[in-house]
Amino acid sequence: MNGVVKQLTVISGKGGTGKTTVLASFAALAEDKVMADCDVDAANLHLVLTPTVVESGDFYGAQIAVRDAKLCQQSGECERYCRFDAITTTDIDELACEGCGMCVVACPNGALRLETVSCGQWYLSETDYGPMAHARLSPAAESSGRLVTMVRQKAEDTAAERGLALVLIDGAPGIGCTAAAALADVDMALVVTEPTLSGIHDMERVVELSGHFGVPVTVLINKADLNAENTRRIRDYCVENQFELLGELPYDESVTEAMAHQVPLVEYRDGPVTEGIRQAWSRLSQMLSA
Amino acid sequence: MSERSKPTVSVAAGKGGTGKTLFATSLAVALSEIHPGQVQLIDCDVEEPNADILLHPQITQHTPVNVLVPQVDLDICTRCGLCAKHCQFSAIAVIRDAVITFPDLCAACGVCAYVCPVGAITEVNRQVGSVAHGSTVRGIEFVQGRLSVGDQRATPVTRATGSCNDDSMITILDAPPGTACPMQETIEFSDYCILVTEPTPFGLANLEDSVETCRRMGIPCGVVINRDQAGRPGVEDYCTREGIDVLLHIPEDREIAEAYARGETLADAFPQWHDELVRVYEDVIRSLSQTATAKVEE
Ligand code: SF4
Ligand code: SF4
Ligand code: SF4
């Protein structure tokens, strides 16, 4: 963790709670920051911040087995030892192949080798709100914690070069390798949740994951007036766990309108949601600089 | 799809939170009324399994999902370092006197045990998740995979869950969000994929990725537009252009959102949706049999 540059990850566990809407608004409110879209499986931040790409490159994250047909004697050892049903004496299933190299060591004729394949692209861009690192995973590629780590690294490097104080990270949903890579070693996680039973369930799981990395958690409830009882449960949950509740945003259909116009909500319209996000941000920036 | 077996329909979404699980469970409930005892719902969204919240099943059994990870016998080990050299995932390291394994990173491939010249490595089970089995009061057979928090390899859990697919039943698969490996591994088990999306630029961008994925995998697909609003033609236009069936429109409606928040499916909270949901399934079956006939004629 860098002592000067602070890192905030906005997560939700469950998709569709308004994580990206909140993050895009923070991008408009915060100063001296760089954005990192780590939701590489369903990258959406660029649809709101409309970046201009200034630098990009291939991401070589995975390896797959490649066969030299001239050397192959059809021994079938590869098929016998591969644990992922990825290889036969005639075929290699690129989707199933984990690139583990078992077939390479098992082949008595040295006919197999591992090759690195491009599984996506990373981008460094400029937006109206500051620089942004993002990525696009190739369609067939495995969702990759390493691509997330790379996006974060690009953002951190940019922050260091330009003397920026903050990295704003749009986290990945779920609790798997991409979600974990977006959370590791950040200064704070903001969980955007909603008062639905699934929202609560997924919040609890992603909070557990944050605990795994020792990352402090704060909570923002979106669509808070959708179900009073569930909202109360989230409040109680925050009290029990000593998480600061940063606010409660009301259910508001104009949120999707802002999205449709591709501008951060706080720049699109004033209203209770916008006000709630502003307040949440002013409290968060206090906590981050403490 | 063989003649005797019943079709498997997966329900997927390019991003989470579009109403995928709401639709999948609602479809299962509606179908279970006209095909009692013949519907199975499998929740393959193992990172965030939520279908139980809407279906309230009675769980009768949990099966652990294990992977094999190395265990090193330091008395036999010569610290030669071959295991670490061949491990592609940096999941085993030889440092002076010790051999350290990192089960979080381990792909359970077995390479280290294979290359160890003195047989110092045995492979032992490590639990990475579990599969729950049960049924609902309506007689829907329920299967749900769950990845343990802190474990990052969803694949073994997704596979173990998807393979509970019972050919003699109408199976609905709730797929993980996105278009990466876990989603592909789930829809691979299905004959048809229903893509749930929203009529926003986010929804459209993610839908395009999903359609591309289905096409590449040769799985026919159709679209359900959730939170539909007048004056948002983007998704509809895209589907028309691409020749993709729009199977259902679910309007943006606070009452539906509130029912979902309480943990109720569309079919439970709004009986008027029942026929529409059954009709979606029939459209899928018709489209599948047309494709089958077209193939025979070729
Ligand atoms: S590299 Fe590993 S997963 Fe890929 S084909 Fe070889 S043994 Fe199978
Ligand atoms: S390959 Fe076997 S002997 Fe060599 S360091 Fe690894 S465990 Fe020890
Ligand atoms: S099983 Fe494979 S991934 Fe795990 S430590 Fe051994 S070589 Fe590495």
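Chain letters run A, B, ... following the sequence lines, proteins first and then strands; every chain starts at 1. It should be emphasised that the depicted structure is a prediction, and the values quoted were computed from it without experimental measurement.
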Look at the side chain of [X] and the backbone N and O of [Y], then say whether any donor-acceptor pair between them is shorter than 3.5 Å.
X: D228(B); Y: H249(B); answer: no
X: T25(B); Y: T265(B); answer: no
X: E258(B); Y: N227(A); answer: no
X: R152(A); Y: A184(A); answer: yes

Proximity breakdown for [X] and chain A, heavy-atom pairs closer than 4.5 Å:
X: A205(B); answer: side chain
X: T18(B); answer: neither
X: S210(B); answer: neither
X: F89(B); answer: side chain
X: V149(B); answer: both
X: Q229(B); answer: side chain

Go through [options] and name the one with the most non-hydrogen pairs under 4.5 angstrom from chain B.
options: A96(A), A181(A), G99(A); result: G99(A)
options: A106(A), P173(A), G199(A), P195(A); result: A106(A)
options: L209(A), V105(A), V104(A), V48(A); result: V105(A)
options: K223(A), H212(A), E208(A); result: E208(A)

By a 4.5 Å heavy-atom criterion (distance strictly below it), what part of [X] contacts chain B: side chain, backbone, both, or neither?
X: D202(A); result: both
X: S12(A); result: neither
X: L114(A); result: side chain
X: A179(A); result: neither
X: E229(A); result: neither
X: N44(A); result: both

Students often mix this up, so state it plainly: with edges at 30° and 60°, are the rings of H134(A) and Y123(A) parallel, tilted or perpendicular? tilted

Between [options], the one whose heavy-atom pairs under 4.5 Å with chain A are most numerous:
options: C87(B), G14(B), A107(B), P49(B); result: P49(B)
options: P177(B), P176(B), G110(B); result: G110(B)
options: G178(B), P201(B), G234(B); result: P201(B)
options: E252(B), K20(B), K15(B); result: E252(B)
options: M183(B), Q88(B), E48(B); result: E48(B)

Would you call [X] and [Y] a salt bridge, using N to O less than 4.0 angstrom?
X: R80(A); Y: E77(A); result: yes
X: D39(A); Y: K19(A); result: yes
X: R136(A); Y: D209(B); result: yes
X: E248(A); Y: R235(A); result: yes

Step by step, work out the side chain to side chain contact (heavy atoms under 4.5 Å, CB included) result for R146(B) and R205(A). CA-CA 11 Å; R146(B) 187 173 291 263; R205(A) 275 165 75 82; 3.7 Å; yes

Could you please spell out the steps behind the side chain to side chain contact (heavy atoms under 4.5 Å, CB included) verdict for N50(B) and D45(B)? CA-CA 8 Å; N50(B) 280 333; D45(B) 189 355; 5.7 Å; no

Exceeds 12 heavy-atom contacts within 6.0 angstrom, atom CG of D85(A): no

Stepwise side chain to side chain contact (heavy atoms under 4.5 Å, CB included) test for L204(B) and T197(B): CA-CA 7 Å; L204(B) 179 58; T197(B) 188; over 6 Å; no

